[in-house]
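Numbers here are sequence positions counted from 1. Keep in mind that what you see is a predicted model, and the values were worked out from it rather than measured. Keep in mind that the numbers below use all heavy atoms, side chains included, and drop hydrogens, waters and symmetry copies.
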Amino acid sequence: MPDRAPQPVDRQLPTDEARDLISLVRDIAQREIAPKAAEEEDAGRFPREVFTLLSESGLLGLPYDSEYGGGDQPYEVYLQVLEELATARLTVGLGVSVHTLASYALAAYGTKEQQVEHLPAMLGGGLLGAYCLSEPSSGSDAASLRTKAVRDGEDWVITGNKAWITHGGIADFYTVMARTGEEGARGITAFLVPGDSEGLSGAMPEKKMGMKGSPTAQVHLDGVRVPDGRRIGEEGQGFAIALSALDSGRLGIAACAVGLAQAALDEALAYATGRLQFGRPIADFQGLRFMLADMATQIEAGRALYLSLIQMCIRDRPFARQAAMAKLHCTDTAMKVTTDAVQILGGYGYTADFPAERYMREAKVLQIVEGTNQIQRMVIARHLAGPETR
């Protein structure tokens with residue numbers, strides 16, 4: 001079967017620096033990430049050395065201020081970097097998105113002193129972050145979280161369990177939402193917790209259907225003592241910080257979903273143009289041509305949607321509804337495109353000899369993380385029709 005190499009996405013980038021950056025990412029992706037992806041995912045191996053390389057290359061803090069070790073890159077460039085990484089391996093693309101999400105609270109709401117003290121190591125010092133909002137009994141209903149932080153002199157003592165934490169048990173720092181006051185959203189505060197804190201531990205990673213190389217685990221906090229200097233924002237501001245972070249994070253998930261869908265399209269196209277049946281490539285048959293055309297159109301629409309929101313980020317306009325739309329559309333697209341890729345490969349698509357089945361398994365989780373797509377529909381509908389009546 002002829003080897004049809006995928007063509008790089010033709011990107012509209014704002015500067016020569018951004019074009020050079022994308023070239024660097026593609027080189028790392030092709031040389032260090034993609035060749036090992038299938039084997040390491042099958043073995044459930046997390047590529048920590050890749051994240052070290054990304055940190056050394058300045059790719060773990062792209063949208064943040066260079067004063068603190070960030071890359072000073074426009075968000076549109078950062079998102080397209082995520083897309084390129086996710087095309088090579090979703091574990092890496094999603095991992096960078098989660099690390100950026102974990103750094104957001106301090107970068108956006110921390111004091112100058114906190115940012116000077118902590119951000120350089122978080123953004124360019126080889127550290128890896130995790131974001132702790134969900135709990136075993138509060139996933140979609142995050143405002144009902146039970147993890148508590150109790151004031152003890154100049155410290156806070158945090159006790160509780162977090163669930164579904166990407167990088168849980170291996171992260172160097174955790175952005176933790178804990179209850180410091182009344183029930184509901186107004187009683188939650190954000191904290192920056194070191195990964196080696198006494199009393200903090202990770203459970204055994206969950207056994208997942210996909211993304212086996214990305215550890216997802218519960219994180220236990222058993223009387224973890226954190227100085228008040230690691231409280232981010234005001235007491236009771238934590239839930240607002242969490243939601244603000246998720247708006248940006250959902251754009252990251254959208255970009256990763258588009259990257260995964262692009263990988264599936266590349267695989268399907270290579271197979272369809274090389275596989276001969278009835279004396280000609282199966283890509284000659286109209287049924288498959290139409291599938292490929294629809295896949296490409298959906299991917300382009302998703303890419304255009306997530307990039308169209310950048311101006312709202314720049315102008316500090318609220319974009320919760322649009323972020324929900326981007327996450328919803330792009331992750332549903334990833335599920336549809338990867339499923340179609342398996343269909344195009346036929347029996348081969350159902351085997352581990354080709355990556356299409358892995359892409360399909362990985363796509364499913366994108367419809368769940370950082371707010372299920374049912375929650376995204378609720379967010380969109382509330383903006384359109386107002387809150388639900390009781």
Review point. Are L60 and L53 co-members of a hydrophobic cluster defined by side-chain heavy atoms under 4.5 Å apart?
Key: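 L53 and L60: one cluster.
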Practice item. Examine F51 together with F46 and report whether their ring centres are nearer than 6.0 Å. Key: yes
Check your understanding: Are the ring centres of H99 and F173 closer than 6.0 Å?
Key ->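 That pair passes the under 6.0 Å test.
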Practice item. Would you kindly say whether Y131 and K162 are connected by a side-chain donor-acceptor distance under 3.5 Å? Key: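 Looking only at side-chain atoms, K162 and Y131 do not form any donor-acceptor pair under 3.5 Å.
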Point to revise | Shared hydrophobic cluster for L288 and M360 (ILVMFWY, side-chain gaps under 4.5 Å) | key: no
Review point. Could you walk me through whether E135 and T147 pass the side chain to side chain donor-acceptor pair (under 3.5 Å) check?
Key: CA-CA 8 Å; E135 297 184 2; T147 295; 2.7 Å; yes
Point to revise | Donor-acceptor side-chain pairing of Q80 and R303 below 3.5 angstrom | key: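 No donor-acceptor contact under 3.5 Å links the two side chains.
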Practice item. Ignoring hydrogens and angles, state whether a donor on the side chain of D222 or T159 is under 3.5 Å from an acceptor on the partner side chain. Key: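 No, no side-chain donor-acceptor pair sits under 3.5 Å.
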Check your understanding: Any ion pair linking E40 and K212 (charged N to carboxylate O, less than 4.0 Å)?
Key -> no
Review point. Per the side-chain contact (heavy atoms from CB on, under 4.5 Å) rule, which among T91, T216, T166 passes with M211?
Key: T91
Check your understanding: Would you call D340 and K336 a salt bridge, using N to O less than 4.0 angstrom?
Key -> yes
Point to revise | Distance-only donor-acceptor check, side chains T100 and Y64, under 3.5 Å | key: no
Practice item. Answer yes if the side chains of Q298 and D294 hold a donor-acceptor pair under 3.5 Å, and no otherwise. Key: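 Short answer, no.
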Check your understanding: Does R280 make a cation-pi contact with F285 (under 6.0 Å, within 45 degrees of the axis)?
Key ->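 Positive - R280 is close enough to the ring of F285 and near enough to its axis.
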**Study point:** Connected hydrophobic set around I380, excluding itself, where side chains approach under 4.5 Å
**Key:** M325, L328, L384
